[in-house]
Amino acid sequence: MLGAHTQREWVTAAVTTLLLATAAGFMLWWWALAITLIAGTLILVSFRDPDRSPPSQRGVVVSASDGTISSIHPVEELEAFDGSAVCIRTFLSLTDVHIIRMPCYGRIDSVRHQPGRHISALNPRSIEENESVTVTLLHPTRQETVAVVRLIAGQFARTIRLFAQQGDTLQRGQRLGTILLGSTVEVYLPTESSYRMMLETGATVRAGESIIAEPRRDQPVTATLVPMNQQTSEPTPPSDHQSPEPHQQLNLPDPTLTPSQPG
């Protein structure tokens with residue numbers, strides 16, 4: 001399914017592929033024609049935007065992106081939580097859906113853009129050195145951080161775009177943004193003692209649907225959970241005419257968040 005947020009890129013890629021394929025065919029460069037068609041098809045596939053059905057369980061956290069979990073590791077200190085955290089890192093291949101979704105219900109408290117390099121996501125240094133956008137999510141009523149989502153560019157993924165802006169409140173599973181042509185997405189949660197990880201490294205996940213963590217029921221209710229006096233279903237998502245406009249440009253202060261390397 002072609003989504004409204006990526007129509008422009010899809011049309012551009014389709015026209016470019018058609019022109020290059022036509023030129024290669026006219027020159028009888030069959031090898032170039034084959035490469036163009038294969039590459040063009042992979043790019044077009046990455047722009048798809050299928051509908052997703054988030055789980056209804058209270059307090060669970062879902063994957064923010066499609067792909068493969070490449071690391072689950074603790075972080076000793078994260079400013080957003082004023083303490084320790086756990087990082088779930090997901091690698092997106094070119095064939096994965098590249099729409100990034102909300103891991104939980106929350107309000108966008110801050111968006112920080114970190115300029116950087118565009119080295120291959122397979123290089124461990126890309127996590128620290130590549131361009132990234134970090135989104136901090138707060139509980140709308142308790143005003144405490146519930147999650148941090150970090151979108152990291154790659155060698156070919158040079159465009160990170162958010163569909164929402166600072167101050168917007170989104171439901172679990174709603175579209176947050178996109179990384180064109182893939183790379184890496186990290187979700188940071190409060191200290192691992194508050195959550196039980198539901199998946200392991202190497203697992204394949206779907207954005208907005210795959211549960212990556214659930215609160216430990218033997219722990220007191222914290223800001224990461226929906227208040228107990230509310231209904232089990234989360235608030236109704238904003239109507240279409242209230243949906244935020246795509247965030248076209250990020251002119252933001254330098255980031256203060258620096259995630260740690262995998263342990």
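Basis for what follows: all heavy atoms, side chains included, without hydrogens, waters or symmetry-related copies.
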Discussion item. Has Ser183 got a side-chain atom pairing as donor or acceptor with Ile152's backbone, closer than 3.5 angstrom?
Written reply: yes

Worksheet entry | Distance, nearest 0.5 Å, that separates OG1 of Thr136 from CZ of Arg107 | 11.5 Å

Worksheet item: How far does CD1 of Ile88 sit from OG of Ser63, to the nearest 0.5 angstrom?
Response: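 Spacing of CD1 (Ile88) from OG (Ser63) equals 9.0 Å.
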
Fill in: ILVMFWY cluster membership beyond Trp30 - transitive side-chain contacts under 4.5 angstrom
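Its cluster mates, by chain and number, are Leu28, Leu33, Leu37.
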
Discussion item. Under the rule for side-chain contact (heavy atoms from CB on, under 4.5 Å), what residues qualify as partners of Thr16, not counting sequence neighbours?
Written reply: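 With sequence neighbours excluded, Thr16 shows a side-chain contact (heavy atoms from CB on, under 4.5 Å) to Thr12, Leu20, given in chain and number order.
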
Worksheet item: Hydrophobic cluster mates of Leu138, side-chain heavy atoms under 4.5 angstrom, ILVMFWY only, any path?
Response: none

Discussion item. Within this structure, what is the CD-CG distance for the pair Glu76 and Leu78, rounded to the nearest 0.5 Å?
Written reply: 12.0 Å

Discussion item. Side chain to side chain contact (heavy atoms under 4.5 Å, CB included), that's the test. Do Asp82 and Glu77 meet it? Break it down for me.
Written reply: CA-CA 7 Å; Asp82 193 24; Glu77 185 71 24; 4.3 Å; yes

Worksheet item: So, do Val86 and Tyr195 sit near enough that their side-chain heavy atoms are less than 4.5 Å apart?
Response: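 Contact flag for Val86/Tyr195 side chains = no.
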
Worksheet entry | Within-4.5 Å side-chain heavy-atom neighbours: Thr178 and Phe163 | yes

Worksheet item: Quick one: does Arg216's side chain have a donor or acceptor within less than 3.5 Å of a partner on Ser194's backbone?
Response: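 Side chain of Arg216 to backbone of Ser194: no pair is present.
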
Response to the item:
Residues passing the side chain to side chain donor-acceptor pair (under 3.5 Å) test with Glu209, sequence neighbours excluded, are Arg206

Practice prompt. Decide yes or no for Ile160 and His113: does some side-chain heavy atom of the first lie under 4.5 Å from some side-chain heavy atom of the second?
Written response: no

Discussion item. Holding to side-chain contact (heavy atoms from CB on, under 4.5 Å), I want the full list of residues that pass it with Ala14, two or more places apart in sequence or in another chain.
Written reply: Trp10, Leu44

Worksheet item: Are Leu176 and Arg101 side-chain neighbours, meaning at least one heavy-atom pair lies under 4.5 Å?
Response: no

Worksheet entry | Spacing of CD belonging to Gln114 relative to CD belonging to Glu131, to within rounding of 0.5 Å |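 Reported to 0.5 Å precision, the distance equals 9.0 Å.
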
Worksheet item: Would a hydrophobic clustering, with Ile, Leu, Val, Met, Phe, Trp and Tyr connected at side-chain separations under 4.5 Å, put Val205 with Met197?
Response: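 The answer is yes; both residues are in one hydrophobic cluster.
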
Practice prompt. State which residues pass side chain to side chain donor-acceptor pair (under 3.5 Å) with Asp66; sequence neighbours excluded, sorted by chain then number.
Written response: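 Asp66 satisfies side chain to side chain donor-acceptor pair (under 3.5 Å) with Arg52 only.
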
Worksheet entry | Closest non-hydrogen atom pair, Cys87 against Tyr188 | CB-CE2, 3.5 Å

Fill in: Gap separating the CG atom of Asp168 from the CD1 atom of Ile108, nearest 0.5 angstrom
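CD1 of Ile108 is found 5.5 Å from CG of Asp168.
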
Worksheet entry | For the student: nearest non-hydrogen atoms of Val146 and Tyr105, plus distance |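 So the minimum-distance heavy-atom pair works out to CG2-O, 4.0 Å.
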
Item to complete: Output the distance between atom CG (Leu189) and atom OG (Ser84), rounded to the nearest 0.5 Å.
Response: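 Here the interatomic distance stands at 11.5 Å.
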
Item to complete: Can you sort out the partners of Asp109 under side chain to side chain donor-acceptor pair (under 3.5 Å), two or more places apart, ordered by chain and number?
Response: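 If we apply the side chain to side chain donor-acceptor pair (under 3.5 Å) test to Asp109, skipping adjacent residues, there are no hits.
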
Worksheet item: Got a sec, which residues hit side-chain contact (heavy atoms from CB on, under 4.5 Å) with Ile38, two or more places apart in sequence or on another chain?
Response: Leu42

Practice prompt. For Thr90 and Ser65, indicate whether the former's side chain and the latter's backbone hold a donor-acceptor pair under 3.5 Å.
Written response: no

Response to the item:
Smallest heavy-atom separation, Asn130 atom then Ala153 atom, equals ND2-O, 2.9 Å

Item to complete: Report the C-alpha separation of Ile212 and Met198 in whole Å, then their side-chain angles, then the decisive distance to 0.1 Å, and conclude whether the side chain to side chain contact (heavy atoms under 4.5 Å, CB included) test is met.
Response: CA-CA 5 Å; Ile212 59 176; Met198 303 302 294; 5.9 Å; no

Fill in: Close side-chain approach of Met102 to Leu137, heavy-atom, < 4.5 Å
yes

Worksheet item: Would a distance-only check, ignoring hydrogens and angles, find a side-chain to backbone donor-acceptor pair under 3.5 Å from Arg150 to Ile127?
Response: yes

Practice prompt. For Thr41, check side chain to side chain donor-acceptor pair (under 3.5 Å) against everything at least two apart and list the hits.
Written response: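 Thr41 satisfies side chain to side chain donor-acceptor pair (under 3.5 Å) with no other residue.
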
Worksheet item: For the side chain of His98 and the backbone of Asp96, is there at least one donor-acceptor N/O pair under 3.5 Å apart?
Response: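 Yes; judged by distance alone, with no hydrogens or angles, the pair exists.
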
Worksheet, complete the sentence: Apart from Trp31 itself, its cluster of hydrophobic side chains linked below 4.5 Å comprises Phe26, Met27, Trp29, Ile35

Fill in: Minimum side-chain heavy-atom gap Pro50-Val97 below 4.5 Å
yes

Practice prompt. With sequence neighbours excluded, tell me which residues meet side-chain contact (heavy atoms from CB on, under 4.5 Å) with Glu200.
Written response: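 With sequence neighbours excluded, Glu200 shows a side-chain contact (heavy atoms from CB on, under 4.5 Å) to no residue whatsoever.
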
Worksheet item: Does CG in Asn123 sit with more than 12 non-hydrogen atoms of other residues, nucleotides or ligands closer than 6.0 Å?
Response: yes

